[in-house]
Student: 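Just dropping this structure here.
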Number of protein chains: 2
Amino acid sequence: MEKVESTLFEGLTDDEYARMTECFKTTLRAHRKGEEVAIPQGRVGVVHRGRISVMKTDEDGVRTIFEQLASGGVFGAMLGIAAADAGFFLVAEEDCEVLYVDYDHIMKRCPKACAYHSTIVRNLVRLMADKTQALSEHLEILSHRTTRDKLMAYFRMLAAKSRNPYFTLPFSQTNLADYLCVDRSAMLRELANMRREGLVEIDRRNVKLNLHKTL
Amino acid sequence: MEKVESTLFEGLTDDEYARMTECFKTTLRAHRKGEEVAIPQGRVGVVHRGRISVMKTDEDGVRTIFEQLASGGVFGAMLGIAAADAGFFLVAEEDCEVLYVDYDHIMKRCPKACAYHSTIVRNLVRLMADKTQALSEHLEILSHRTTRDKLMAYFRMLAAKSRNPYFTLPFSQTNLADYLCVDRSAMLRELANMRREGLVEIDRRNVKLNLHKTL
DNA sequence: GGAAATTTGTTGTAAATGCAACAGAGGTCT
DNA sequence: AGACCTCTGTTGCATTTACAACAAATTTCC
């Protein structure tokens with residue numbers, strides 16, 4: 001198997017990488033766009049290429065987007081996803097490659113104290129810190145009570161990340177509503193209001209935030 | 001310094017613990033009830049005793065409770081809290097003891113490959129997995145669009161955790177509203193409705209969930 | 001190129017929510 | 001014991017929101 005470039009393996013020499021793949025039971029799997037990706041139970045999934053959405057549909061058919069996992073995104077039953085019984089599921093938004101590593105094997109105390117073993121655990125800490133960051137951001141956005149405030153909080157965040165009042169949404173407006181946990185039509189109504197007031201200009205996924213008006 | 005029993009140090013022999021405290025710059029700090037706890041910048045805080053709330057007040061004075069950190073809870077600027085500039089702050093809900101460990105030191109590749117070093121990193125992964133779980137739960141609750149659904153989702157979760165339709169809220173009803181990100185009076189109104197319909201019985205922090213009515 | 005699916009956009013209406021203001025109960029502290 | 005503070009509880013009202021239903025534009029896929 002050729003070497004997989006992933007944050008999880010960062011800092012490993014070629015030699016260490018070779019020994020690691022023997023020692024760890026890593027699997028690289030491809031998922032086609034639109035396919036549902038099973039929630040790994042005893043393993044940790046790391047998105048290597050492509051994009052995966054973590055979603056939930058509740059008993060009333062209301063859909064929510066929890067996370068967008070890009071390259072480096074980690075997921076698994078031990079990592080927050082409360083399993084499919086609660087309505088959670090994963091969907092590949094594009095053709096994906098996902099790396100699966102046995103969780104117990106990572107967490108087992110290594111008798112040989114291999115240097116690469118602890119490197120991987122450290123890298124996992126970094127990936128989980130990123131995930132924590134993403135979840136906190138989402139929480140921060142949902143903490144706002146009105147649709148307008150949620151939109152503004154999210155737009156400000158995207159503008160800050162791209163260091164540009166012009167930016168592109170990572171998903172369609174329909175999905176944006178699911179991410180903000182608001183009704184789509186209500187969101188569109190509010191977006192129309194904001195457009196009218198000159199707060200934002202928005203065309204499909206392209207947004208311009210007029211920050212000077214937001215004070 | 002006497003040995004601190006913490007998940008972070010789990011699996012360490014006494015000897016390893018002794019060497020660890022030298023190698024790592026761990027600090028144990030006490031925080032009085034009601035005190036504000038500074039957000040650690042280059043370090044990771046681990047709640048050893050007591051309870052800490054992660055909160056935010058936005059520009060309109062709206063308060064949100066993001067997390068309740070109990071024993072084992074981890075926090076820090078690298079772990080989601082977007083720093084005080086965004087209005088985040090920590091408050092000790094009870095007298096607390098918090099363990100601070102230098103983040104870089106944990107993440108540095110250890111030249112001696114000490115066994116205890118990698119044990120601590122592994123333990124940190126476990127603590128962060130718990131945090132991810134807690135954040136995901138909160139997100140799941142906020143994903144519901146109505147106050148009633150938020151309340152029910154939260155109550156069901158607490159009932160499931162305590163394996164008992166009777167359970168105790170971890171905070172006051174006032175704070176519950178801040179956790180659910182809804183207006184307090186609106187929440188109380190909805191609680192009154194639910195009480196009237198026989199869905200729940202609630203007295204201060206004591207709740208009984210009548211699950212048979214919830215289908 | 002054309003059919004099918006998805007996305008964007010709009011509107012009416014009933015219901016839910018935020019906001020403000022107030023009153024009483026319960027707890028805490030000295 | 002009393003002052004003070006926080007928490008619980010209630011209500012009116014204006015606004016926001018969810019829900020439903022629909023039309024048009026755009027993208028995807030064969």
Side-chain angles (χ1 to χ4, degrees), chain A residues 32-35 53 55 57-65 91-95 142-153 168-197 199-207, chain B residues 32-34 53 55 57-65 91 93-95 142-153 168-197 199-207:
Chain A
R32 291 251 182 78
K33 173 177 179 178
E35 263 184 18
S53 289
M55 309 205 262
T57 339
D58 70 14
E59 50 282 357
D60 303 323
V62 177
R63 211 182 56 151
T64 307
I65 296 180
V91 174
E93 297 289 347
E94 314 163 356
D95 287 356
L142 293 194
S143 76
H144 292 91
R145 282 144 168 73
T146 67
T147 302
R148 175 179 292 224
D149 284 347
K150 287 179 187 172
L151 282 166
M152 286 305 289
T168 305
L169 298 176
F171 30 50
S172 69
Q173 293 182 21
T174 302
N175 286 341
L176 175 60
D178 290 342
Y179 180 78
L180 301 181
C181 297
V182 294
D183 182 75
R184 186 187 62 89
S185 69
M187 185 191 86
L188 254 53
R189 193 182 339 233
E190 193 57 37
L191 267 180
N193 293 340
M194 290 162 71
R195 217 174 337 214
R196 201 171 302 123
E197 295 174 34
L199 277 174
V200 291
E201 292 161 44
I202 186 167
D203 173 59
R204 319 220 136 258
R205 297 193 179 185
N206 306 305
V207 184
Chain B
R32 291 252 182 76
K33 174 178 177 174
S53 289
M55 307 205 265
T57 339
D58 69 14
E59 50 282 359
D60 303 322
V62 178
R63 211 183 53 153
T64 307
I65 297 181
V91 175
E93 297 289 346
E94 313 163 358
D95 287 356
L142 293 195
S143 76
H144 292 92
R145 282 146 168 70
T146 68
T147 302
R148 175 179 292 222
D149 285 347
K150 287 179 187 173
L151 282 166
M152 288 304 289
T168 306
L169 297 176
F171 31 49
S172 69
Q173 294 182 20
T174 303
N175 285 342
L176 176 59
D178 291 341
Y179 180 77
L180 300 182
C181 298
V182 295
D183 182 75
R184 187 186 62 86
S185 71
M187 185 192 82
L188 255 54
R189 179 158 25 201
E190 193 57 36
L191 267 179
N193 295 339
M194 290 162 69
R195 215 170 346 212
R196 202 171 300 124
E197 297 173 33
L199 278 174
V200 292
E201 292 161 44
I202 186 166
D203 174 57
R204 318 216 137 261
R205 297 192 180 188
N206 306 306
V207 184

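What you see is a predicted model; the values in this text were computed from it and never measured. So that the names make sense, note that chain A is the first sequence line, chain B the second, and so on, each numbered from 1.
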Student: Starting from P on dG27(C), measure out to CG on Asp203(B) and report it in whole angstrom.
Tutor: 10 Å
Student: Between dG18(C), dG26(C), dG9(C), which nucleotide gets closest to the side-chain atoms of Val182(B)?
Tutor: dG18(C)
Student: Between atom CG of Leu151(A) and atom NE2 of His144(A), what is the distance when rounded to the nearest 0.5 Å?
Tutor: 11.0 Å
Student: State, to 0.1 Å, how close Cys181(A) and Thr64(A) come at their nearest heavy-atom pair, and which atoms those are.
Tutor: SG-CG2, 3.5 Å
Student: Between C1' on dT16(D) and CZ on Arg148(A), what's the gap in Å once rounded to a whole number?
Tutor: 11 Å
Student: Counting only heavy atoms and a strict 4.0 angstrom limit, can you tell me which residues of residues 184-192 of chain A come near DNA chain C?
Tutor: Arg184(A), Ser185(A), Leu188(A), Arg189(A)
Student: Please state how far atom CG in Leu176(A) lies from atom P in dT6(C), giving the value in whole angstrom units.
Tutor: 19 Å
Student: Return whichever of Thr147(B) or Ser172(A) has its heavy-atom-nearest nucleotide of DNA chain C closer to the 5' end.
Tutor: Ser172(A)
Student: Which of these, Asn175(B), Asp58(B), Thr57(B), sits in a side chain to side chain donor-acceptor pair (under 3.5 Å) with Arg63(B)?
Tutor: Asn175(B)
Student: Hey, does Thr174(B) reach any base, or is it just sugar-phosphate, or nothing, if we go heavy atoms under 4.0 Å?
Tutor: base
Student: Mind calculating the distance between CZ (Arg205(B)) and P (dG9(D)) to the nearest angstrom?
Tutor: 13 Å
Student: What is the distance from atom CG of Asp149(B) to atom CE of Met152(B), rounded to the nearest 0.5 Å?
Tutor: 8.5 Å
Student: Expressed as a whole number of angstroms, how long is the span from Lys150(A):NZ to dT16(D):C1'?
Tutor: 12 Å
Student: I need the Arg204(A) CZ to Thr168(A) OG1 distance, nearest 0.5 Å.
Tutor: 13.5 Å
Student: In terms of side-chain heavy atoms of Arg204(A), which of dT16(D), dT26(D), dA16(C) is nearest?
Tutor: dT26(D)
Student: Looking at Glu197(A) and Arg148(A), is there a salt bridge between them, counting it only when a charged N and a carboxylate O are closer than 4.0 Å?
Tutor: yes
Student: Can you confirm whether more than 12 heavy atoms, excluding those of Arg195(A), are under 6.0 Å from its CZ atom?
Tutor: yes
Student: For Phe171(A) and dT7(C), what is the distance between atoms CZ and P respectively, to the nearest whole Å?
Tutor: 12 Å
Student: Between Lys33(A) and Gln173(B), which residue's closest nucleotide on DNA chain D lies nearer the 5′ terminus?
Tutor: Gln173(B)
Student: In whole angstrom, what separates Asp183(B)'s CG from dG12(D)'s P?
Tutor: 16 Å
Student: Roughly how many Å is it from CD1 in Ile202(B) to P in dT10(D), rounded to a whole number?
Tutor: 12 Å
